[in-house]
Amino acid sequence: MRKKYALLLVLAMSINLTLPAFVQAQKKQQKPNVIFIYADDVGYGDLSAYGATKISTPNIDKIAKEGIRFTNAHATSATCTPSRFALMTGKYPWRQKGTGVLPGDASLIIPTNQLTLPNVFQNAGYKTASIGKWHLGLGETNRQINWNKPITKGPNETGFDYAFFFPATSDRVPTVFVENHDVQGLDPSDPIEVDYSKKIGNEPTGLENPELLKLPAAPNHGHNNTIVNGIGRIGWMTGGKQARWTDEEIAHVFLSKAAQFMEDNQKNPFFLYFSLNDIHVPRMPSTQFKGKSKMGLRGDVILQMDWTVGEILKKLDELKIAENTLIIFSSDNGPVLDDGYADKAVELAKGHSPAGPLRGGKYSAFEGGARIPWVARWPKTITPGAVSDALICQIDLMASFAGFFQQKVGSEDGVDSFNVMDAILGKTKTGRTSLVKQGGALSLTQGNWKYIEPREGKAVQELTNTETGNNPKPQLYDLSKDIGEKTNLADKYPARVKAMSAELDRIRDLGRSK
Ligand code: NG6
Ligand code: CA
């Protein structure tokens with residue numbers, strides 16, 4: 001008898017012990033963690049998964065091998081701020097004024113009364129974090145930011161529970177990290193001031209003291225204001241000496257914060273927007289990667305970026321959450337070699353084609369501007385080794401995840417975002433039917449056809465040597481035969497030009513895509 005009771009007791013105890021764990025595991029299974037790694041200025045040809053041979057990116061390639069690789073994925077724009085604005089809001093950036101590349105003291109441009117991508121995750125019960133480059137402005141509209149007090153508006157006000165970031169780009173002041181609302185490591189007796197219109201303070205500038213530069217500025221690009229860590233920046237700053245970052249450490253600092261967030265949230269679903277500084281200028285690899293690529297600093301930071309991705313994959317394994325994590329790697333715009341510093345990127349890139357077969361690059365309306373790498377892995381959901389040519393865009397993440405979580409999106413929210421979740425997960429090769437992209441000119445892609453609207457202006461941006469895509473005449477390309485946009489077919493197919501131009505006008509005038 002006693003034995004029977006003992007057995008029952010053991011049974012009861014084991015049920016009690018295992019049930020909650022089982023329920024927890026079930027819960028964990030239901031919602032995948034989502035990590036969106038957003039690299040900066042990485043081109044369609046910069047990864048070995050996309051055909052690069054002079055450089056090897058084994059960790060990013062591993063995501064492709066164990067998941068899916070997209071050949072027709074896009075940012076909305078050929079520069080950073082607008083692409084990120086679209087990602088966060090689901091709205092084409094050119095619908096809102098002031099969404100071009102922002103200075104480091106700009107106000108927050110994301111409306112705080114509209115749904116954002118991280119809001120979608122919050123509404124689904126996720127913990128959300130933005131770690132890395134921000135570049136979407138901070139604080140109230142038209143009010144100067146006081147860097148010495150808590151910053152009033154930023155990632156926390158747009159849907160991120162946790163944020164660790166730098167305000168703009170690493171070539172712009174202030175060169176400091178912010179955690180949630182506060183500049184990190186700030187000594188109150190050495191307050192920060194920032195100005196983009198005139199020199200402030202007495203610190204050396206690249207213009208006046210070029211002999212102090214460890215990374216010289218390229219001629220005529222600017223980048224010659226306040227010198228921080230031996231590098232001339234865009235904009236002037238004074239004070240905050242103790243808070244200033246060391247460029248060579250940025251990748252490690254961001255990675256450690258990302259890893260910490262993953263660790264802290266391993267038991268609940270999380271959304272991590274991990275926005276890398278690499279491979280934007282100034283390209284300053286850590287000692288670990290200096291000289292490793294044989295392609296100079298730009299190559300070295302590609303290796304550093306790939307290593308960062310590998311560390312995230314390792315962390316997923318270590319926490320045993322890889323199975324239930326959807327990880328996406330992409331880039332905010334196309335590549336550029338000379339973007340303002342004399343880092344020999346052009347000379348040392350010989351034999352490497354940063355945009356792959358595409359024409360143009362960062363700043364361009366041609367495909368090199370915003371067709372970007374996109375690889376994703378979600379074990380057991382995405383078939384390993386898949387390659388998809390579905391037309392997808394980062395702007396679609398909002399509607400896609402809202403659909404995935406069966407959330408309703410208000411009519412004023414995500415007006416240009418489409419639910420293409422099945423394409424994102426490789427269940428179908430049908431994505432969007434059309435996409436408007438922004439270089440200097442706007443373009444419309446419909447199936448294989450791409451129309452670039454007429455635009456005056458230089459055909460080549462001299463500073464960066466990028467073909468802009470500007471042409472006073474309409475351009476039409478058949479991307480199925482001519483992905484390099486070499487043959488303008490506008491004269492041959494006037495009716496198609498007319499129809500596509502009208503469709504672009506319709507999307508623009510409607511104020512929404514749908
Ligand atoms: C440009 C900068 C360039 C880079 C870019 C922003 C000059 C001449 N060039 O204005 O160096 O900072 O802005 O890059 O100032 S992005 O990836 O954030 O869009
Ligand atoms: Ca960028």
Side-chain angles (χ1 to χ4, degrees), residues 36-44 46 74-88 93-94 98-106 109 132-137 165-175 196-197 205-207 215-226 228 231-236 247 250 273-284 297-298 301-302 305 329-343 345-346 354-355 360-364 368-373 394 437-440 458 461-466 468:
F36 186 73
I37 304 182
Y38 213 18
D40 203 345
D41 297 0
V42 173
Y44 195 76
D46 274 326
H74 303 262
T76 57
S77 314
T79 52
C80 165
T81 301
S83 289
R84 286 157 202 258
F85 177 89
L87 170 75
M88 294 294 171
W94 40 266
T99 52
V101 174
L102 292 178
D105 62 349
I109 57 168
K133 173 180 184 171
W134 179 240
H135 214 187
L136 289 163
F165 61 96
F166 62 58
T169 56
S170 49
D171 55 352
R172 285 176 172 75
V173 298
T175 54
Y196 272 77
S197 61
T205 63
L207 184 67
L215 179 68
N220 309 321
H221 277 254
H223 291 92
N224 60 3
N225 304 144
T226 305
V228 180
I231 299 164
R233 313 286 166 162
I234 305 175
W236 292 267
D247 299 75
I250 293 175
Y273 169 65
F274 188 22
S275 168
L276 311 182
N277 170 47
D278 291 325
I279 61 170
H280 198 277
V281 296
R283 301 163 183 136
M284 297 303 288
L297 294 168
R298 186 172 187 276
V301 295
I302 292 180
M305 165 190 77
F329 171 92
S330 195
S331 173
D332 67 341
N333 52 252
V336 60
L337 291 174
D338 180 359
D339 209 13
Y341 293 99
D343 60 7
V346 176
K362 183 174 180 177
Y363 309 113
S364 174
R371 186 186 290 231
I372 37 69
Q394 291 153 5
K437 291 196 292 175
Q438 169 192 38
K458 288 193 170 150
Q461 191 189 94
E462 281 157 25
L463 282 178
T464 55
N465 195 25
T466 313
T468 58

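When a ligand or atom number is given, it counts from 1 through the structure's own listing order. Bear in mind the structure is a predicted one, so any value in this text is a computation, not a measurement. Note that these values count all heavy atoms, side chains included, but never hydrogens, waters or copies made by symmetry.
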Under 4.0 Å to a heavy atom of His135 - the qualifying atoms of ligand 1, by number: 18 (O)

Considering only heavy atoms of Asp41, which atoms of ligand 1 have at least one such atom less than 4.0 Å away? 17 (O)

So between His223, Gln461, Lys362, Arg172, whose heavy atom ends up nearest atom 9 (N) of ligand 1? His223

Taking His221's backbone N and O only, do any of them form a donor-acceptor pair with His223's side chain (distance below 3.5 Å, no angle check)? yes

Are any of the N/O atoms in Ile234 less than 3.5 Å from those in ligand 1? no

Within the 4.0 Å heavy-atom shell around Thr79, which atoms of ligand 1 are there? 19 (O)

Is the ring pair Tyr273/Phe36 parallel, tilted or perpendicular, if the boundaries are 30 and 60 degrees? parallel

Yes or no: does Cys80 have any heavy atom under 4.0 Å from an atom of ligand 1? yes

Under a 4.0 Å N-O cut-off, is there an ion pair linking Asp41 with Arg283? no

Would you confirm whether Ser77, through its side chain, and Thr79, through its main-chain N or O, come within 3.5 Å as a donor-acceptor pair? no

Could you say whether the N/O atoms of Asp171 and ligand 1 ever approach to under 3.5 Å? yes

May I ask you to check if ligand 1 and Thr169 share an N or O to N or O distance below 3.5 Å? no

What is the nearest protein non-hydrogen atom to atom 11 (O) of ligand 1, stated with its residue, atom name and distance? Asp339 O, 2.8 Å

Would you find a donor on one side and an acceptor on the other, under 3.5 Å apart, between the side chain of Thr99 and the backbone of Pro82? no

Donor + acceptor pair across side chains of Ser330, Gln394 (<3.5 Å): yes

Answer yes when Asp343 and Arg298 have at least one side-chain N-carboxylate O distance shorter than 4.0 Å, and no when they do not. no

Give the atom numbers and elements of ligand 1 that come within less than 4.0 Å of a heavy atom of Asn333. 17 (O)

Of all heavy-atom pairs linking Tyr363 and Val336, the shortest is CE1-CG2, 4.3 Å

May I ask you to check whether Asp338 and Thr464 show a side-chain donor-acceptor distance below 3.5 Å? no

Has the side chain of Thr81 got a donor or acceptor atom that lies under 3.5 Å from a matching backbone atom of His135? yes

Quick one: which ligand 1 atoms are inside 4.0 Å of a heavy atom on Asp40? 17 (O)

Thr169 and Arg172: side chain donor to acceptor below 3.5 Å: yes

Closer than 3.0 Å to the Ca ion (ligand 2), which protein N, O or S atoms? Asp40 OD1, Asp41 OD1, Asp332 OD1, Asp332 OD2, Asn333 OD1

Below 4.0 Å from any atom of ligand 1, is there a heavy atom belonging to Tyr363? yes

Atoms of ligand 1 under 4.0 Å from any heavy atom of Val101, numbered from 1 in the order shown, are 6 (C), 13 (O), 19 (O)

Under 3.5 Å donor-acceptor, Ser275 side chain and Gly132 backbone: no

What verdict does the side-chain hydrogen bond (donor to acceptor under 3.5 Å, both in side chains) test give for Asn277 and Ser170, after you've listed the backbone C-alpha separation in whole Å, the side-chain angles of each residue and the deciding distance to 0.1 Å? CA-CA 7 Å; Asn277 170 47; Ser170 49; 2.8 Å; yes

heavy-atom search around atom 8 (C) of ligand 1 in the protein gives His221 O, 3.2 Å

